[in-house]
Amino acid sequence: MKLKHFLSFVLGGVAISAAAQGGYQDGVDYYNADRFEQAKIILDNTLNDPATNKAVSYYYLGCIDVQNNDFAAASDNFNKGLEADATYPMNYVGLGELALRNGNKRGAEDLFKDALKYGKKDARVSTAIARAYFNADPVAYAKEINNNVQKALKDSKNKEAAVYVLQGDMAKNTNIGQAAGYYEQAMIYDEEAGRINPEAYVKYANLYNKVNPKFAIDKLKELNAKLPTSALAQRELAEKYYDGGQFTPAAEQYGKYMANPNHFQQDEQRYSGLLFYGKKYPESLEITNKVLAKDPDNVYMQRMVMLNKAALEDYNGAYEAAQKLFAHTGATYTTNDYGTYGDVLAALGKPEEAIVAYTSAFEINPEKNKDYLAKISSMYTDAENYEKAAEYMQKFVDLGDASLNDYFILSNRYRNLALSQEEGSEERKQSAINGIKYVDLALENAANKGPLYRNRATLLMVRDGATEISPELVETYTAMLDSYNEDPEAKAKYADAYKSAYNAIASYYLQQGDKPKAVEYYQLFLELDPENQGLRDYIEKLSK
């Protein structure tokens with residue numbers, strides 16, 4: 001399974017949470033970078049911290065409510081912000097935007113005047129008012145937006161970063177180059193004032209991430225160097241590595257980010273997945289167990305326990321994790337879930353249960369998951385159901401793209417089926433014929449033909465019965481010997497195969513009345529089995 005697709009199942013639908021120790025400013029940074037869900041979590045979790053400016057936090061919480069079209073909650077938060085500090089102007093701006101959205105322009109203007117009363121020459125307030133008009137209706141309020149942008153520029157002598165970020169946001173959907181220029185100006189003017197503007201860096205990187213990911217990553221590296229403790233900076237860099245398929249540096253960056261108290265459970269889960277795909281199974285399992293300690297019913301982390309323990313060959317542990325994973329009613333399971341569970345069951349010697357798991361994996365997408373038919377066939381072989389083993393391997397081969405090894409395996413399946421059927425029956429004969437057909441297909445282009453010829457010889461004997469040695473069998477055994485003889489050590493490696501061949505060929509010549517030729521092959525047999533006194537006596541008898 002592709003990593004991104006896999007991780008979508010690790011992360012999808014998960015309620016995320018951040019540690020409460022981090023500062024509320026991280027929440028502000030996340031909001032300004034348009035990461036509203038993450039911003040809300042941090043702002044909620046830090047709201048009652050002694051260092052938190054509640055007027056600021058309530059303002060941004062209200063702005064998030066506006067983004068979610070929950071205007072009642074937004075109004076409540078803006079008013080709580082005013083209760084915390086009536087001189088903080090932004091909550092008036094927030095209420096003003098709500099008035100605009102309700103069609104009450106006059107009321108909005110009064111609220112904006114209240115905001116300017118506490119921030120008359122503050123370009124950030126004028127910028128926030130311009131943004132409120134833009135959010136409400138960029139066409140209807142184009143004049144008001146422009147007036148407030150110009151006021152912000154004038155009040156700041158053209159150096160307020162927030163107004164350039166706003167202009168970048170206004171331009172990004174129609175003119176990426178212009179938007180990038182505005183974000184660059186925001187970075188420059190804030191740094192001239194001794195500040196770093198993370199939102200401008202992040203928005204700038206996001207503009208270029210799809211067209212020039214390296215450029216985006218380099219910009220975020222620059223931000224991390226300038227703000228090494230910023231949760232937003234750390235996370236955005238990790239995300240960009242991930243988006244670009246650079247999973248090793250993504251894992252390393254997520255590892256650094258995990259030390260920041262304002263990280264999210266979602267990030268821990270992704271980090272666990274990246275570690276798993278980097279084959280760092282104990283480390284992945286450690287992260288997974290930390291998440292499960294606070295969220296014990298987390299389907300996605302239970303998946304990771306199963307995957308990691310299976311990779312570590314802790315099959316009993318993987319089996320236990322699978323029971324928890326598959327106990328969830330209504331959860332969505334993947335091909336990889338069922339496939340891994342099938343592998344675990346196979347390793348534990350539970351072929352019947354493995355068949356059920358592999359069948360579920362196959363049925364999710366039969367066109368892409370046809371390899372599971374071969375696994376099902378293998379499990380039926382382990383369960384000694386040779387008819388089903390041959391049936392499923394045949395289905396696999398019939399779907400196309402079978403390899404020489406697949407043909408060889410199918411021939412073995414038919415051999416096993418034939419040997420399980422009644423001797424002399426038509427079913428037994430037909431199974432052997434089917435096996436010969438596929439071993440012959442494998443022989444057409446096989447490099448190492450010896451084992452294939454040996455299998456073919458067995459199938460011939462099953463097809464013909466043991467009463468007579470056919471010329472075809474001799475020809476097959478001779479071809480097997482020729483193939484094996486290419487390896488100087490073959491007689492030691494394949495002694496049993498050589499013995500079978502020598503015995504069958506000798507028997508054939510004896511059957512034809514050619515005793516000298518029969519003795520020749522029995523002598524070759526005896527060389528491999530010099531302690532076989534019975535054979536030695538038989539050779540002496542034939543030689544008289």
Side-chain angles (χ1 to χ4, degrees), residues 1-12 14 16-19 21-23 26 29-30 33 35 37-38 41-42 196 198-199 201-295 298 300-301 303-305 307-312 336:
M1 176 183 284
K2 289 184 179 180
L3 178 53
K4 284 191 178 180
H5 181 61
F6 165 78
L7 286 175
S8 71
F9 283 96
V10 173
L11 302 175
V14 181
I16 57 179
S17 62
Q21 298 97 312
D26 274 340
D29 290 344
Y30 271 106
R35 303 299 191 229
E37 185 179 6
Q38 288 81 11
I41 291 165
I42 294 176
I196 303 299
E199 66 196 85
Y201 277 89
V202 170
K203 290 183 174 184
Y204 185 86
N206 287 339
L207 283 180
Y208 286 100
N209 191 41
K210 289 185 179 179
V211 296
N212 192 340
K214 183 180 183 303
F215 188 69
I217 286 170
D218 287 343
K219 183 58 67 173
L220 290 169
K221 284 182 178 178
E222 184 182 332
L223 175 60
N224 273 264
K226 292 175 179 178
L227 286 180
T229 62
S230 167
L232 174 66
Q234 293 167 351
R235 188 176 193 267
E236 288 293 319
L237 179 55
E239 291 278 289
K240 295 301 180 291
Y241 278 130
Y242 174 78
D243 289 344
Q246 298 185 53
F247 300 127
T248 298
E252 292 174 0
Q253 181 62 25
Y254 271 113
K256 295 175 185 176
Y257 168 55
M258 288 301 106
N260 195 307
N262 274 335
H263 71 262
F264 305 93
Q265 182 174 313
Q266 180 186 47
D267 303 314
E268 293 174 354
Q269 293 174 195
R270 176 168 285 176
Y271 184 40
S272 172
L274 287 167
L275 289 170
F276 171 78
Y277 272 87
K279 298 185 178 181
K280 295 183 178 180
Y281 306 124
E283 295 90 338
S284 175
L285 197 56
E286 180 181 358
I287 297 295
T288 298
N289 286 330
K290 285 181 180 179
V291 175
L292 287 171
K294 56 191 174 185
D295 187 8
N298 189 307
Y300 311 97
M301 291 294 92
R303 169 181 288 122
M304 291 308 304
V305 173
L307 294 177
N308 277 298
K309 291 199 171 185
L312 290 166
N336 196 47

Non-neighbouring partners of K280 that pass side-chain hydrogen bond (donor to acceptor under 3.5 Å, both in side chains), sequence neighbours left out
none

Under the rule for side-chain hydrogen bond (donor to acceptor under 3.5 Å, both in side chains), what residues qualify as partners of K309, not counting sequence neighbours?
none

Heavy-atom pair with the smallest gap, counting every atom of [X] and [Y]:
X	Y	answer
A250	A238	CB-O, 4.0 Å
A216	A205	CB-O, 3.3 Å
M301	T288	O-CG2, 3.1 Å
V202	L223	CG2-CD2, 4.2 Å

Distance, nearest 0.5 Å, that separates [atom1] of [X] from [atom2] of [Y]:
X	Y	atom1	atom2	answer
Q246	Q253	CD	CD	11.5 Å
L207	K203	CG	NZ	10.0 Å
S272	Q265	OG	CD	11.0 Å
I196	D29	CD1	CG	11.5 Å
D267	M258	CG	CE	5.0 Å
L307	F276	CG	CZ	4.5 Å

For the pair Q266 and R235, evaluate side chain to side chain contact (heavy atoms under 4.5 Å, CB included) and give the outcome as yes or no after the intermediate values.
CA-CA 11 Å; Q266 180 186 47; R235 188 176 193 267; 2.9 Å; yes

Under the salt bridge (Lys or Arg N to Asp or Glu O under 4.0 Å) definition, can you give me all pairs with a residue in residues 254-263, not counting sequence neighbours?
none

Is a side-chain N or O of [X] found less than 3.5 angstrom from the main chain of [Y], in a donor-acceptor match?
X	Y	answer
N262	G23	yes
N308	M304	yes
N289	L285	yes

Could you note down all residue pairs passing ring pair (Phe, Tyr, Trp, His ring centres under 6.0 Å) where residues 205-226 supplies at least one of them, sequence neighbours left out?
Y204-Y208, Y204-F215, Y208-F215

Is the F247 ring parallel, tilted or perpendicular to the Y242 ring (thresholds 30°, 60°)?
tilted

List for me each residue that meets side-chain contact (heavy atoms from CB on, under 4.5 Å) alongside E252, sequence neighbours excluded, and say none if there are none.
T248

Does a donor on one side chain sit under 3.5 Å from an acceptor on the other, for Q269 and R303?
no

Does the structure place the NZ or CZ of R270 under 6.0 Å from the centre of the six-membered ring of Y254, at an angle of no more than 45° from the ring's axis?
no

Contacts table for residues 224-234: side-chain donor-acceptor under 3.5 angstrom, sequence neighbours left out:
residue	atom	partner	partner atom	Å
N224	ND2	L220	O	2.9
N224	ND2	A233	O	2.9
K226	NZ	E191	OE1	3.0
K226	NZ	E191	OE2	3.4
K226	NZ	Y201	OH	2.8
K226	NZ	E222	OE2	3.0
S230	OG	L232	N	3.4
S230	OG	A233	N	3.1
Q234	OE1	N260	ND2	3.1
Q234	NE2	P228	O	2.8

Salt bridge K294-E268, side-chain N to carboxylate O under 4.0 Å
yes

